[in-house]
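These notes concern the structure reproduced below.
Chain identifiers are assigned alphabetically (A, B, ...) following the order of the sequence lines, protein sequences preceding nucleic acid strands; residue numbering begins at 1 within each chain. In this text, all values refer to a predicted model and were calculated from it rather than measured experimentally.
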Protein chains: 2
Amino acid sequence: MDIIISNSSDAPIYEQIVSQIKAQIMSGALAEGDALPSMRALAQSLRISIITTKRAYEELEREGFIESYTGKGSFVKHQNKELVREEYMKQAEQLLTQACEKAHMGGISARELHELLDIIYGGE
Amino acid sequence: MDIIISNSSDAPIYEQIVSQIKAQIMSGALAEGDALPSMRALAQSLRISIITTKRAYEELEREGFIESYTGKGSFVKHQNKELVREEYMKQAEQLLTQACEKAHMGGISARELHELLDIIYGGE
DNA sequence: ATATTGTATATACTCTATATACACATTATA
DNA sequence: TATAATGTGTATATAGAGTATATACAATAT
């Protein structure tokens, strides 16, 4: 279970956990039925409170990615990956929209944006 | 002075004011030496607290865009527009990077992103 | 029984936004 | 010219939402 908490990120800890677990489910690193680390174990390894890991798992449960059972643990549910892909698509679209707004305000052309995009998309 | 506060936006009110005034300075709608609306007048027209407009003006002052004088008002300072343009460029780049991350996670191709970008950039 | 799991309650800190009262500058007017 | 009235920015104290926490509780497995 590779999860990295960045203090420099503006995203709250519980959200960083949520998005990274989602990404691992999407990539197949976590499959249906797999057990997640216990809230305590994850909290300990990340050196954060159990309550924060619980909050992350609650969010994942609310969104239908996992299920938790008292005394047993938390497990990955069956995923409709096409739905998740569309969610990412929406998020990418929103970010692109914001980028375009800034570009307009700064007088940056569509061509410049396309060039930037190629550099960034390829360079990862 | 056209400023629009969106409740659906996740950005705080004072930041919405800051970015819109910045944009108006960049576009030339506000020129060096121009008087901004008084904190009270702006607060009244936006139906928000004076303290919030004050906070926005403080931020603009801190970033060197305006100057405020007790009893007189707030005024636009001289701007180095090239510097501001570069700031927008940086922000656009950051947003593009985030968009590319989401695209990768969702298996969205560079071609799809380029198409999206054209639609969004043109369609504003 | 004991250990491991998830859960619930009460608390603290930061950020956003506010009401209210204060201090300074300009303008109207006596 | 004095001075009251108005308009300007400023400072203090307060409230609410969001994030993160320590600690104690409840259910399950061994």
* Structure fact -> By side chain to side chain donor-acceptor pair (under 3.5 Å), A:Gln44 pairs with (sequence neighbours left out) none
* Asked: For residues 6-25 of chain A, which residues have at least one heavy atom under 4.0 Å from DNA chain D?
  -> A:Pro12, A:Ile13, A:Tyr14
* **Any residue of residues 46-67 of chain A with a heavy atom less than 4.0 Å from an atom of DNA chain D** => A:Ile48, A:Ser49, A:Ile51, A:Thr52, A:Arg55
Does [X] reach the side chain of [Y], with side-chain heavy atoms less than 4.5 Å apart?
X        : Y        : answer
B:Ile25  : B:Ile21  : yes
A:Tyr121 : B:His104 : yes
A:Arg55  : A:Glu59  : no

Show me the donor-acceptor pairs within less than 3.5 Å that the side chains of residues 29-38 of chain A make with the rest of the protein, sequence neighbours left out.
from    : atom 1 : to      : atom 2 : distance (Å)
A:Glu32 : OE1    : A:His78 : ND1    : 3.1
A:Asp34 : OD2    : A:Ala31 : N      : 2.8
A:Ser38 : OG     : A:Ala41 : N      : 2.9

* Asked: How many Å lie between NZ on B:Lys72 and P on C:dT27, as a whole number?
  -> 10 Å
* To do: Check for a donor-acceptor pair, side chain of B:Glu67 on one end and backbone N or O of B:Lys77 on the other, with a separation under 3.5 Å.
  => no
* Asked: Taking any atom under 4.0 angstrom from a heavy atom of chain A, which nucleotides of DNA chain D are the first and last to qualify, 5' to 3'?
  -> D:dT19 to D:dA29
* Structure fact -> Of all heavy-atom pairs linking A:Ile108 and B:Met89, the shortest is CD1-SD, 3.2 Å
* **Least distance between heavy atoms, B:Leu46 atom then B:Ile3 atom** => CD2-O, 3.6 Å
* Structure fact -> Residue pairs meeting salt bridge (charged side-chain N to carboxylate O under 4.0 Å, His left out), one or both in residues 87-100 of chain A, sequence neighbours left out, come to A:Lys22-A:Glu87
* Asked: Given that A:Gly71 and B:Ser74 both sit by DNA chain D, which one's nearest nucleotide is further toward the 5' end?
  -> B:Ser74
* Would you mind telling me which residue lines up with the more 5' stretch of DNA chain C, A:Thr70 or B:Arg40, judged by nearest nucleotide? => A:Thr70
* To do: For the residue pair A:His114 and B:His114, categorise the inter-ring angle as parallel (less than 30°), tilted (30 to 60°) or perpendicular (more than 60°).
  => parallel
